[in-house]
Student: 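One structure, pasted below without further comment.
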Amino acid sequence: MPLHRIERLPEDLVAPAMVAAFDGWVDAASAASTTAEHLAQGGDLVAAFDADVLYDYRSRRPVLDIIDGTLTRLIWPSLELHRVRHGGRDLLILHGAEPDFRWRELGDEIVQLALRLGVIEWVSLGAIPAAVPHTRAVTVMASASSDGLLDPSEVQGPAGLLRVPSACLSAVELSVMGSGIPCVGFYAQVPHYIGGPFAAATAALVEHLARHLKVELPQGSFAEDAAAQRRRLDAAVEADEDVREILERLQQTAAEDEIPSGEDLAAEIERFLRSEGGAGPPAGGTIPPS
């Protein structure tokens, strides 16, 4: 049995690019999944994937709405493909919860779907925790399956070997890459002390994606949200001497044009994993988004 069902197969696609982001892993501050959800708004549903097969509901439980003591609705995790058009070309937005099971089969089916739809390129969106201050512009690292795919302004990295637990998104991208479809990825760095959404990272992903695709994309209110969040973060830092000292150290060591090495990124991800596993937050704790 296939893992997906076709809802509506478009036949008039123009230079379609498949843009993918899953929540969960490689989605620090929900920056990548927020970007994908934003871009998919108002789009036509092309395909939906079988949640009962792909998800472990005990680890990713559906959300239950209870109104006035009556069980009203369950909101199940989902993975969907939507079609939107911007700047005269089509984007196929693959977005939703990161699957728990059958990653290889999922990759194979997405490859078949991409080839059937005439996809000419794949773009992964992600976000990773990093030892960077919120006071600097968001660094976005890029990846590419071959030379010449990225805009000259993009920096491909990190340098050297980065060996970390894989996201489902990366497993699917490798399947797509194996089919011959060109693949790129954009990964925003999120300060590891941010304890919630980080609008500046979402705005940066939209900007880099638009530049890569050479189309105008809806910006939403991310820039305004980022400015307001920056003011709240500055106020929170000013009120806490320990956090202020940490920020000052980060500012001293974070060069504006520096892409961290694979070893540095792996260390930050390991620290993030320890905090997620109950070993406590990174040094200095986290600052809530508001």
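We use all heavy atoms of the structure for the numbers below, so side chains are in, but hydrogens, waters and symmetry mates are not.
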Student: Are Trp76 and Tyr55 an aromatic pair by the rule of ring centers under 6.0 Å?
Tutor: no

Student: Please determine whether residues Met18 and Val215 belong to a single hydrophobic cluster, defined as Ile, Leu, Val, Met, Phe, Trp and Tyr linked transitively by side-chain heavy-atom distances below 4.5 Å.
Tutor: no

Student: Which pair of heavy atoms, one from Ser124 and one from Glu173, lies closest together, and at what distance?
Tutor: OG-OE1, 2.6 Å

Student: State which residues pass salt bridge (charged side-chain N to carboxylate O under 4.0 Å, His left out) with Arg83; sequence neighbours excluded, sorted by chain then number.
Tutor: Asp12, Asp90

Student: How close do Ala201 and Val190 get, counting heavy atoms only, and between which atoms?
Tutor: CB-CG2, 3.9 Å

Student: Give me the atom names and distance for the closest heavy-atom approach of Leu79 to Gly96.
Tutor: CD1-N, 4.1 Å

Student: Taking only residues two or more places apart in sequence or in another chain, which ones pass salt bridge (charged side-chain N to carboxylate O under 4.0 Å, His left out) with Glu37?
Tutor: none

Student: Between Arg89 and Ala15 (side chain of the first, backbone of the second, donor and acceptor by atom type, cut-off under 3.5 Å), is there such a pair?
Tutor: yes

Student: Quick one: are the ring centres of Phe186 and His212 less than 6.0 Å apart?
Tutor: yes

Student: Checking Asp23 side chain against Glu98 main chain: does a donor-acceptor pair fall under 3.5 Å?
Tutor: yes

Student: With Arg8, which residues qualify under salt bridge (charged side-chain N to carboxylate O under 4.0 Å, His left out), at least two apart?
Tutor: Asp44

Student: Give me the atom names and distance for the closest heavy-atom approach of Val111 to Ser179.
Tutor: CG1-CB, 3.6 Å

Student: What closest approach, in Å, do Ile181 and Ala114 show between heavy atoms, and which atom pair accounts for it?
Tutor: CD1-CB, 3.9 Å

Student: Hey, is CG on Asp65 packed in by over 12 heavy atoms from elsewhere, all under 6.0 Å?
Tutor: yes

Student: Pick out which of Leu92, Val184, Leu94, Val19 makes a side chain to side chain contact (heavy atoms under 4.5 Å, CB included) with Trp122.
Tutor: Leu94

Student: Could you pull out the closest heavy-atom pair between His95 and Ala40, with the gap in Å?
Tutor: NE2-CB, 3.6 Å

Student: How about Phe198 and His134: are their ring centres within less than 6.0 Å of each other?
Tutor: no

